[in-house]
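Below is one structure, written out as structure tokens, with a few remarks after it.
For the numbers below, each heavy atom of this structure counts, side chains included, while hydrogens, waters and symmetry mates do not. Note that the structure is predicted; figures quoted are calculated from it, not measured.
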Amino acid sequence: MRIGLIAPPWLTVPPEGYGGTEGVVDLLARGLAELGHEVLLAAAAGSTSPVTRVPGSLPPAARHLGRSQEELRHVLNAYAQLRGVEIIHDHTLAGPLLRRAGYRIPVVSTAHNAMDAVFRPVYAAISQHAALVAVSRHQAATATGVAVCRVIHHGIDASEIPVGGGTGGHACFLGRMHPNKGVLTAIRVARRAGVPLRIAAKVQSAGEREYFEQVIRPELGGDIEYVGELRAGEKFALLGGALALLNPLQWDEPFGMVMIEAMATGTPVLCTSRGAAPEIVRDGVTGFIRDTTPALAAALAECANLNRADCRRAAETTFSARRMVREYLEFYGQCVAGKHRPPAVGARGTAGP
């Protein structure tokens, strides 16, 4: 197949640091190409994913994250350059809505955001013009009024991730410096359990900087250390040496790449039962799911008794990039055959390539 992939404009593909969506797009692009498919990728300039990239892309727009004009410029160029493909897989918000202009090439859209009051009406509109994929059963279950065609969990290439022995004597937290990620709860859990905590977090927006300075920085010291935002190699070393990844989410995260990254290093995950976490973590096997600070702290001490090989195996099988690519390919074929045709496609008066 000749497949067009559109990444968001904010970061390169793959990302240099934190960037879950961009990492997924890179794995998908490489996996499709390895299977012999022709892949054209629309991504920010400077992207290094080893597939053909469309011309005219602008530099990463991370400083303007969420600005509609940046995304619109990016997707308008992308759709103009992808007119000869058989199917387009769009990971932006604005792009799939271009089907309103009568774009006849089948478009698949992956929902990377929560189905909350902000994003649900957006995805409801997208699902009228593209075949929408949810990234977890929880996300699909909360998509009231949204036509979700398929659930496909994200995957990871565990072969690129070294296995760690968990001998570093610490727990770790990885994610954005945002209250809903649960970093403050992670600190309280680690302190209660008497386990050192290493925090690797992205601090980018003004709100994240304010939260870090006013709430998190006063908590640092002793066995609680902030190590900044890490590159891939540093991140996997931190994860692999950890007793556990603390991921006490305070919101319904649609998926959670950091959990399968931890499992790929052999490190179990300690999390709350929010969002997709129960679909990712097998309680008592690849981690523990608990919803209070005392229960999380008690479970942290038990993580050393889990079999790290079970964690690695889950990343290599259930959450493998190969499985993700295979499921998307099957779905692409169904879309090209017209089995997931959005209601607006073929409506009277439409026109396009």
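Arg120 has no carboxylate O lying under 4.0 Å from a charged side-chain N of Asp116, or vice versa, which leaves the two without a salt bridge. No salt bridge links Glu302 with Arg290; every basic N to acidic carboxylate O contact stays at or beyond 4.0 Å. Here Lys235 pairs with Glu261 in a salt bridge; the nearest charged N to carboxylate O distance falls below 4.0 Å. Classification of Arg191 and Asp223 as a salt-bridged pair fails, no side-chain N sitting under 4.0 Å from a carboxylate O. Salt-bridge formation is not detected for the pair Glu330/Arg326: no Lys NZ or Arg NE/NH1/NH2 atom is positioned less than 4.0 Å from an Asp or Glu carboxylate oxygen.
Listed by chain and residue number, Asp310 satisfy the salt bridge (charged side-chain N to carboxylate O under 4.0 Å, His left out) test with Arg313 (two or more places apart in sequence, or in another chain). Listed by chain and number, the residues in a salt bridge (charged side-chain N to carboxylate O under 4.0 Å, His left out) with Glu213 are Arg217 (sequence neighbours excluded).
With hydrogens and angles ignored, the 3.5 Å screen pairs a side-chain donor or acceptor of Gln139 with a backbone N or O of Ala111. Of the possible polar contacts, one joining the Thr12 side chain to the Pro14 backbone as a donor-acceptor pair under 3.5 Å is found.
In this structure, His154 and Phe255 have perpendicular ring planes: the angle between them is above 60°, well past the 30° mark.
Between Ile156 atom CD1 and Thr318 atom OG1 the span is 13.0 Å, to the nearest 0.5 Å. How far CG of Leu270 is from CZ of Phe288: 8.0 Å, rounded to the nearest 0.5 Å.
Among residue pairs with one or both ends in residues 195-251, those qualifying as ring pair (Phe, Tyr, Trp, His ring centres under 6.0 Å) are Phe212-Tyr226; sequence neighbours excluded.
Between Tyr79 and Ile6 there is a side-chain heavy-atom pair separated by less than 4.5 Å.
Of the residues listed (Lys181, His178, Lys202, Arg176), the one engaging Glu208 in a side-chain hydrogen bond (donor to acceptor under 3.5 Å, both in side chains) is Arg176, and it is the only one.
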